[in-house]
Amino acid sequence: MTLSKFFGDYLKKEPLFLNKTVFQGAYLPETIPHRDEQINQIAKILAPLLRGDKPSNIFIYGKTGTGKTMSMKYVVKSMKDALKDNAIKFIYVNCKLKRVADTEYRLMAQLAREFGKEIPSTGLPTDEVYKILFNAIEKESKPLLIVLDEIDQLVRKTGDTVLYNLTRCNEELKNAHITIVGLSNDMVFIDNIDPRAKSSLSEEELIFPPYNAIQIQDILKQRVKIAFKKNTLDPGTIEKCAAYSAREHGDARRALELLRVAGELAERDAKENITIDYIDKAEEKIERDRLLDITSTQPKQSQCILYSIIALATNKKGNIFTGEIYEHYKSLCKKTSLRPLTQRRISDVLAELDMLGIINAKIISKGRYGRSREVSLAVPNSSITNIKKTLEEELALT
DNA sequence: GTCAATTCACATGAAAGAGACCACGGTCTAGTG
DNA sequence: CTAGACCGTGGTCTCTTTCATGTGAATTGACGA
């Protein structure tokens, strides 16, 4: 088959997707199923804003994919619609985004940019940015609603002074006020912050429970209607998709991604519809891509450590401990002319790899024989060789 | 046999340093009229 | 005279080192039955 014929066939073939945008994170559906109660609560709390009064700050907790962001955006959009004149300034910031808002400075800079100020990515003192932001807010003299998504990430990295400063800002503003809505995945984090910031931030608290399988099905059905042609999905696919995600922790985002990838795979195979086994294939592909992506974007040192773990795990049965990894890593460094890091650092890197889900690390005490991390690979056997290969390329090993 | 003390091999925390990046202000240089 | 090049200073940010302190159970050893 010639290439031109292939492309010709490709064009002739009808795509499975009618509208792919419904799978994107920014997509905001008409209605948000199973979140009426939460949305109403948020709306009630924030309603005073419409009259220019200062509502309570809100702290919203819920695991990933429970619709926090979406519900919040929905409320904001509705408020905007009701208002018509831009009497309120809304700002949405995702604190997890690397190099955007994951430090105090960057958050302030990002907020100031929303007011049209040019803030360099570095070089300015933080309190200078504070002043710029403060003046900008004062000059706009509008109520300000800031939604801080993944606020736990920010606080974990930079401490709670950010929140404290932001809330304290309110006391000094004359012509405006700031309302903060914090979205968090982590419930315990709120207990570890400065009590003053805490009481100020969590004047109102909301919890988004995980979706159950039935609810995820509803969400999927709603999107599928728009996304695919009729009868593209075999019976049972939605159910399976929902079941997979509900098994985790009711992550709707994951369910949608699963469905999208399944669709893409089926389309690539020139299939007329999406069968159940494409869900499995999609799950596999997502996981494989995720692992490969993580491993190839890690810093050299982490890669080197991961390579050591893989080498040890394939050579030797049983569990691996920090000390062994460090020894192997040091010898590997000699080969690659990498400057070996201290064991202290290795300890942290192992914890990071654990967080990323590439390895399982458990701290165990071997009694008289010390205390250590017990490490094993969290990667399916089928992917190990693949990962190993990419690591060898990255590290320029033979 | 029992029980507290000891001990190992790290984990975990805090603080501080190195090096990259950048803004700002002042000084120097070269081009212009 | 002025625009741009070129410093020095001071700031953030990431990754790392240094120093200090914490930790949980196997082992040890004293003790009494």
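If you're wondering where the values come from, they're calculated on a predicted model, not measured in any experiment.
- Looking at A:K366 and A:E374, no side-chain N of the basic residue comes within less than 4.0 Å of a carboxylate O on the acidic one, giving no salt bridge.
- For the OP1/OP2 pair of C:dC13 and a distance below 4.0 Å, the side-chain nitrogens and oxygens of A:T103 include at least one atom meeting the criterion.
- In this structure, A:R106 does not reach the C:dG11 phosphate: none of its side-chain N or O atoms is under 4.0 Å from OP1 or OP2.
- Summarising the geometry, the separation between NZ on A:K131 and P on C:dG11 is reported as 12 Å, rounded to the nearest angstrom.
- When distances are taken from the side chain of A:Y105 to each of C:dT18, B:dC10, C:dT12, the shortest belongs to C:dT12.
- A cation-pi arrangement is absent between A:K73 and A:F90 under the rule of less than 6.0 angstrom and at most 45 degrees off the ring axis.
- One interatomic measurement links the two molecules: CD1 of A:I364 to P of B:dA11, which rounds to 11 Å at whole-angstrom precision.
- Between A:K362 atom NZ and B:dC10 atom P there is a gap of 17 Å when expressed in whole angstrom units.
- The phosphate of C:dT17 (OP1 or OP2) has a side-chain N or O of A:T342 nearer than 4.0 angstrom.
- Taking only distance into account, the side chain of A:R368 never meets the base of C:dG24 through a donor-acceptor pair shorter than 3.5 Å.
- With hydrogens and angles ignored, no donor-acceptor pair under 3.5 angstrom links the side chain of A:R345 to the base of C:dT16.
- For the OP1/OP2 pair of B:dA11 and a distance below 4.0 Å, the side-chain nitrogens and oxygens of A:S347 include at least one atom meeting the criterion.
- Rounded to whole angstrom, the span from the CD1 atom of A:I363 across to the C1' atom of B:dT12 amounts to 9 Å.
- When all heavy atoms of A:S56 and A:I45 are compared, the pair lying nearest together is O-CG2, 4.0 Å.
- Atoms OH (A:Y369) and C1' (B:dT6) sit 14 Å apart, rounded to a whole Å.
- No more than 12 heavy atoms of other residues, nucleotides or ligands sit less than 6.0 Å from atom CG of A:N381.
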